Amino acid sequence: MSRFTEGLNPEQARAVSTLDGPLLILAGAGSGKTRVLTRRVGALLDERDLRPWNILAVTFTNKAAGEMRERVERLVGEAARQVWIGTFHAVCARILRQSIEPLGWRRDFVVYDDDDQLRVIKTIYQESDLRISPKDYPPAQLRSRIDRAKNGMIPPAEVVAPRSDPMPEVYRRYELRLKAANALDFNDLIGKVVELLEAHPTVAERWQRQFKYVLVDEYQDTNIGQYRMVKALVQEHQNLAVVGDDDQSIYSFRGADIRNILDFEKDFPAATVVRLERNYRSTQNILRAASGLVRHNLARKEKTLWTESEVGEPLRLLTAADDNHEAELVRAEIDRLLVTRRPADIAIIYRTNAQSRPFEQAMADAGIPYVLVGGRKFYARQEIRDVLAYLRLAMNPTDDVALLRVVNTPARGIGDKTVEGLFVEAREAGVPVLEAIRARVGIGGGRTDKLAGFLAVIDRIAELCGTVNLGTLVQAACNDTGYRAMWVAEDTDEARGRLENLDALVAAAAAVVPTQSPVEDLQAFLDQSALAGQADELPDEGRGAVTMLTAHLAKGLEFPVVFVVGLCEKTFPHARSERDSEIAEERRLAYVALTRARDLLFLSYPRMKRSPEGWSQPALPSRFLAEIPAEAFGRASAPPRRPPSAPTPPPSWGGSARAAQRPWAPRAPAPAPPRAPRPGRTLVPESMEVFQAGTEVYHPTLGSGTISRRDGIPSNPKLTIHFHDHGPRTVFALTAGLEVLL
DNA sequence: CAGGAAGCCATTTTT
DNA sequence: TGGCTTCCTG
């Protein structure tokens, strides 16, 4: 056993070496749980008579899965590749690809993501006997209600809703549509596996026999379906190890049920419980702050994180006039830090994606390289999804959603009216829309030439599906469909960006190592694109940039220096979290954010919040600030108590005048950098073509320089610029406020 | 039928 | 902020 427990503390060693039976590992933040998990997999392979595929290790993000696989591989070599390591969704997709047939789906099912779901719902709205107005029932809202129901494994018939509420009916039809299209949404991936395991004994037995040992990471984030799946899988052998931290449960909006972890010992009375309470990540001050904060939650497993690391620097609190000023303060601190630290050591963490703007702006203005994690995912981009839709339709002629997407993209003269008619025909005949098109073309006459043209395109791609390799196939889906030509013809910078994305997609496809079956390659490629998440785009370390992300995306990561920004009421905790249970979750989220920090932790909040049109209103400091023990800030009294009375700055409040009167108030916001272009220079631009190497540029603070390199995703391009006085810097083009000499 | 222009609206977190 | 729908024109 020694090889796997070497260098571990006693609790960690116990978690690694308790191989059989149920095991609950309560792993506090920074307690080395990934290490424990990987060692455990290694130990299992070594100590038990197992094949690699007898082990199932489930994570929540592909990134985490990839990391675990890598580390296991380093530990045990080759065998690691055959261990089942993946996200719940990826693992379920894999299981269903082999076993879904008893449920009436074909094994070549497609995965619908939320955008596909929305399209299904919108077509249902239009059905003549319903005619639901999107105004009365926003499709997105209905989608999330359906999701919530499915998360809780509630079928349409059991949804409780007022008589006038169309949700149950839309939900019912939605399920039928997916079935007809041989499609599964994210929740189905889990739900169908549960159905198989619970209602189809022979299938269940097959998988129970395969997965002799099961590990689940982030167990506090499992929902009902995932819980039932795990339970069904291990019911015989009970070799289940779960790792989690109830204090880091932050996904209840996605159906995560914290009771899964709180009740583990009831579910598995024989469970061994190991607590990993020693923190290897943060300084005492950071830990004290985070623990003090989360202690305000009532229903939690009491635990005491401790560390042998030094006391460390006190937390720093930055009080800003408004969000721009806040970004300015953060920027100033970062500038100071960069003397001794690399940009990659620093993270800015906020509650919502929308908060990133001012910080992006500030970083860009100062020429500090940054990466923004999240935002629009690569695979969620329109052009990517369009091309994938061609492939989906070619492979699966029943995929009406894919058809809807591409039937008139590029424009083929098949308009809304025609398409609507086709959907009606298809529904009446009970066939897929592609079939309806085929029928109409067969009859001929009228204006069926356009439809015939579309059919020919699809048939051509379908023909290629089984024969050529993936790269060629994706290339064909771009070119032979006229899709690429559409963007070429547009001849705008945006279009050029999209073309680059298409190239990137083709390159990604070409990089796939082919198996014997081209169809399976395609399937895997499509699955992967549907299941790829935002967290998977996290920059690998060493990218040399400040990382900006939401607290949710930050989970599982650590940085030497962390700024948690926007700590004011209605933002963090978020305005939509009002009930106690919701506040508790926000608090856990704040806890997650704080515990990402290793050495230095900055907290900041603006005293004014702006609404979309720039209307400012006073903001109160987050209650969480007051809940952090004062000593963590290196002083006896707590930071901003809950406001004695709401701060009521006069309407003319501009920041600087007021600030001078109150010693604790923010310094005046730095004067805005000059935004007006100087004579002879043009402020950039959305225009891409000026970003060519060699272009002379001017930057407000760094002076002039020459573009030496350009990369990054086209919608958010990065420029490496050699500034004459400051050397090379990476700048983000769209927000840089660069002045380019033309 | 397609594409552009103008108005409208809401806006958490994500596999 | 932009992402969407709606309206209008060719």
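Order of the sequence lines sets the chain letters (A, B, ...), proteins ahead of strands, with each chain counted from 1. Because only heavy atoms are used, hydrogens play no part in the values below, and waters and symmetry mates are left out as well, while side chains stay in. Quick caveat: nothing in here was measured; it's all calculated off a predicted structure.
- If you measure from atom OH of A:Tyr219 to atom P of B:dT15, you get 21 Å, rounded to the nearest angstrom.
- Checking each of A:Arg143, A:Lys122, A:Arg392, A:Arg177 against A:Asp116 for a salt bridge (Lys or Arg N to Asp or Glu O under 4.0 Å) leaves exactly one that passes, namely A:Arg392.
- Candidate nucleotides B:dA2, B:dT15, B:dT14 were compared by shortest atom distance to the side chain of A:Phe253, and B:dT14 ranks first.
- Salt bridge annotation for A:Arg300-A:Asp245: absent, with no cationic side-chain nitrogen under 4.0 angstrom from a carboxylate oxygen.
- Remark: C1' of B:dT13 and CD1 of A:Ile258 are 16 Å apart, rounded to the nearest angstrom.
- Distance from the side chain of A:His89 is smallest to B:dT15 among B:dT12, B:dT14, B:dT15.
- Counting any heavy atom pair closer than 4.0 Å across all strands shown, A:Thr418 reaches sugar-phosphate atoms only and no base atom.
- Separating the CZ atom of A:Arg587 from the P atom of B:dT13 is a distance of 21 Å, rounded to the nearest angstrom.
- By the 4.0 Å N-to-carboxylate-O rule, A:Asp527 lies too far from A:Arg94 to be salt-bridged with it.
- If you take CD1 of A:Ile190 and P of B:dT14, they are 18 Å apart, rounded to a whole angstrom.
- Between the CD atom of A:Glu585 and the P atom of B:dT12 there is a distance of 15 Å, given to the nearest Å.
- You'll find the side chain of A:Phe563 stays beyond 4.5 Å of the side chain of A:Ile349, heavy atoms only.
- Note on A:Asn408: every side-chain N or O is 4.0 Å or more away from OP1 and OP2 of B:dC1.
- Rounded to the nearest Å, the gap between the C1' atom of B:dT13 and that of C:dC4 is 23 Å.
- Contact between the side-chain N/O atoms of A:Asn353 and the OP1/OP2 oxygens of B:dT12 is not found at any separation under 4.0 Å.
- For the pair A:Gln248 CD and B:dT14 C1', the interatomic distance rounds to 17 Å; values are reported in whole Å.
- Comparing C:dT5 with B:dT12, their C1' atoms are spaced 24 Å from each other, to the whole Å.
- When the nucleotides B:dT12, B:dA2, B:dT15 are ranked by their closest atom to the side chain of A:Glu586, B:dT12 comes out on top.
- Of the side-chain N and O atoms in A:Thr550, one or more sit less than 4.0 angstrom from OP1 or OP2 of B:dT14.
- Straight-line distance from the CD1 atom of A:Ile250 to the C1' atom of B:dT15: 13 Å, rounded to whole Å.
- Between the side chain of A:Arg357 and the base of C:dT1, no donor-acceptor pair under 3.5 Å is found.
- Listed nucleotides C:dT5, B:dT12, B:dA2 differ in distance to A:Arg351; the shortest reach to its side chain belongs to B:dT12.
- Between A:Arg588 and A:Ile258, some side-chain heavy-atom pair lies under the 4.5 Å cut-off.
- B:dT11 atom P lies 20 Å from atom OH of A:Tyr350, rounded to whole Å.
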